[in-house]
Chemist: 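One structure is given below, represented as structure tokens, and several questions about it will come after.
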Amino acid sequence: MEHILIIEDEKDVNQLLAKTLQDNGYQTASAFNGLEGLGMLKKEHFDMVLLDLMLPYKSGDEVLREIREHSDIPVIVISAKDMVGTKIDLLMIGADDNVIKTHISNLRNKMKKVNSETEYIETVWGLGYRLAR
């Protein structure tokens with residue numbers, strides 16, 4: 001069973017993600033700020049991280065940069081920001097994919113894509129980005 005860390009400060013969203021993932025056979029753990037999430041990553045093994053961008057104490061992009069200094073664990077960013085520039089920036093600093101909070105229903109498909117061992121191309125306004133696992 002895959003163990004997924006959810007780093008999301010909004011309690012309702014965190015609980016919804018956890019319940020949805022648990023109902024689909026995943027084991028979850030929750031952190032509610034960036035520092036807590038990084039601490040949990042140092043203490044436990046996780047197979048994937050779902051990471052909000054706007055977090056207290058340490059922002060999601062700071063957390064992502066720190067994760068990438070030590071690990072290649074898959075990270076899917078969950079954000080309210082729906083801007084192409086933001087998505088490109090996240091991919092450049094190491095996110096595997098992102099989900100806009102209003103599109104949480106797409107999360108399971110993105111998790112499958114990120115976990116696959118094959119390469120894929122993410123296209124943003126005609127620009128292709130090759131992401132390999």
Side-chain angles (χ1 to χ4, degrees):
M1 177 183 299
E2 290 191 50
H3 194 195
I4 300 171
L5 176 59
I6 302 165
I7 308 175
E8 165 63 63
D9 63 317
E10 293 180 46
K11 186 177 180 180
D12 292 343
V13 174
N14 196 313
Q15 289 175 341
L16 174 65
L17 288 169
K19 171 114 176 69
T20 301
L21 292 169
Q22 291 164 6
D23 289 349
N24 284 280
Y26 296 95
Q27 181 182 0
T28 65
S30 294
F32 295 91
N33 65 64
L35 291 176
E36 182 182 16
L38 287 170
M40 291 176 74
L41 282 166
K42 290 177 183 173
K43 294 178 186 172
E44 295 181 54
H45 169 78
F46 294 97
D47 299 298
M48 181 178 287
V49 175
L50 302 182
L51 176 65
D52 183 26
L53 280 184
M54 294 187 274
L55 294 167
Y57 306 118
K58 208 172 256 279
S59 70
D61 44 344
E62 290 175 306
V63 171
L64 178 58
R65 282 186 178 91
E66 286 195 37
I67 290 171
R68 285 295 170 247
E69 287 177 12
H70 308 286
S71 175
D72 64 351
I73 185 174
V75 176
I76 297 178
V77 173
I78 300 171
S79 174
K81 297 179 181 181
D82 188 13
M83 297 169 28
V84 172
T86 300
K87 185 172 184 174
I88 291 170
D89 290 344
L90 292 170
L91 294 170
M92 296 298 286
I93 62 172
D96 291 281
D97 213 330
N98 80 316
V99 176
I100 306 306
K101 283 188 180 180
T102 58
H103 301 131
I104 294 293
S105 60
N106 293 328
L107 181 59
R108 196 162 82 178
N109 290 335
K110 292 203 179 244
M111 288 174 63
K112 286 180 185 176
K113 181 170 72 171
V114 167
N115 268 339
S116 73
E117 294 298 319
T118 59
E119 290 185 341
Y120 65 94
I121 301 278
E122 181 74 28
T123 304
V124 180
W125 283 5
L127 301 173
Y129 295 92
R130 182 172 302 281
L131 305 174
R133 297 274 338 124

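Keep in mind the model is a prediction, meaning the values are calculated, not measured. Numbering starts at 1 and runs along the sequence shown.
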Chemist: Does the pair M48 and I76 meet the rule for a side-chain contact (heavy atoms from CB on, under 4.5 Å), with working shown?
Modeler: CA-CA 8 Å; M48 181 178 287; I76 297 178; 4.0 Å; yes
Chemist: Got a donor-acceptor contact below 3.5 angstrom from the D47 side chain to the I4 backbone?
Modeler: no
Chemist: So, taking the atom named CG in L53 and the one named CG in L51, what distance separates them when rounded to the nearest 0.5 Å?
Modeler: 6.5 Å
Chemist: What closest approach, in Å, do E66 and H70 show between heavy atoms, and which atom pair accounts for it?
Modeler: O-CD2, 3.2 Å
Chemist: Do L21 and I6 pass the side-chain contact (heavy atoms from CB on, under 4.5 Å) test, and can you show the C-alpha distance, the side-chain angles, and the key distance before you say yes or no?
Modeler: CA-CA 10 Å; L21 292 169; I6 302 165; 4.0 Å; yes
Chemist: Kindly compute the distance separating CD (E8) from CE (M54), expressed to the nearest 0.5 Å.
Modeler: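 Nearest 0.5 Å value for the CD-CE distance: 9.0 Å.
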Chemist: Looking only at heavy atoms, which two atoms of A18 and S30 are closest? And how far apart?
Modeler: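 Taking every non-hydrogen atom into account, CB-OG, 4.4 Å.
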Chemist: Assess whether side-chain contact (heavy atoms from CB on, under 4.5 Å) is satisfied between L38 and I67, documenting all intermediate values.
Modeler: CA-CA 8 Å; L38 287 170; I67 290 171; 4.1 Å; yes
Chemist: Could you point out which residue of V77, V75, V63 forms a side-chain contact (heavy atoms from CB on, under 4.5 Å) with V49?
Modeler: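 Option passing the side-chain contact (heavy atoms from CB on, under 4.5 Å) with V49: V75.
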Chemist: I want to check something: taking the side chain as every heavy atom from C-beta on, are L17 and I78 in contact at a cut-off of under 4.5 Å?
Modeler: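 L17 vs I78: side chains touch.
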Chemist: Please determine which of L55, D52, L64 meets the side-chain contact (heavy atoms from CB on, under 4.5 Å) test together with I7.
Modeler: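 That would be L55.
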Chemist: Decide side-chain contact (heavy atoms from CB on, under 4.5 Å) for D9 and N33; before the verdict, give the C-alpha distance in whole Å, the side-chain angles of both, and the deciding distance to 0.1 Å.
Modeler: CA-CA 6 Å; D9 63 317; N33 65 64; 5.7 Å; no
Chemist: Nearest 0.5 Å, what's the NZ-OG distance between K42 and S71?
Modeler: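 Going from the NZ atom of K42 to the OG atom of S71 covers 12.5 Å.
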Chemist: Give the other cluster members for F32, using side-chain heavy-atom distances under 4.5 Å between Ile, Leu, Val, Met, Phe, Trp and Tyr residues; answer none if it is isolated.
Modeler: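 Via sub-4.5 Å side-chain contacts, F32 links to none.
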Chemist: CG/L50 to CG/D97 distance, rounded to the nearest 0.5 angstrom?
Modeler: 11.0 Å
Chemist: Are I93 and L41 connected in a single hydrophobic cluster, I mean Ile/Leu/Val/Met/Phe/Trp/Tyr linked by side-chain heavy atoms less than 4.5 Å apart?
Modeler: yes
Chemist: How long is the span from the CE atom in M40 to the CD atom in E36, to the nearest 0.5 Å?
Modeler: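 So the gap between those two atoms works out to 6.0 Å.
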Chemist: How would you list, by chain and number, every residue that makes a salt bridge (Lys or Arg N to Asp or Glu O under 4.0 Å) with D23, sequence neighbours excluded?
Modeler: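 With sequence neighbours excluded, D23 shows a salt bridge (Lys or Arg N to Asp or Glu O under 4.0 Å) to K19, given in chain and number order.
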Chemist: Between R68 and D96, is there a salt bridge with N-O shorter than 4.0 Å?
Modeler: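 Salt bridge: yes.
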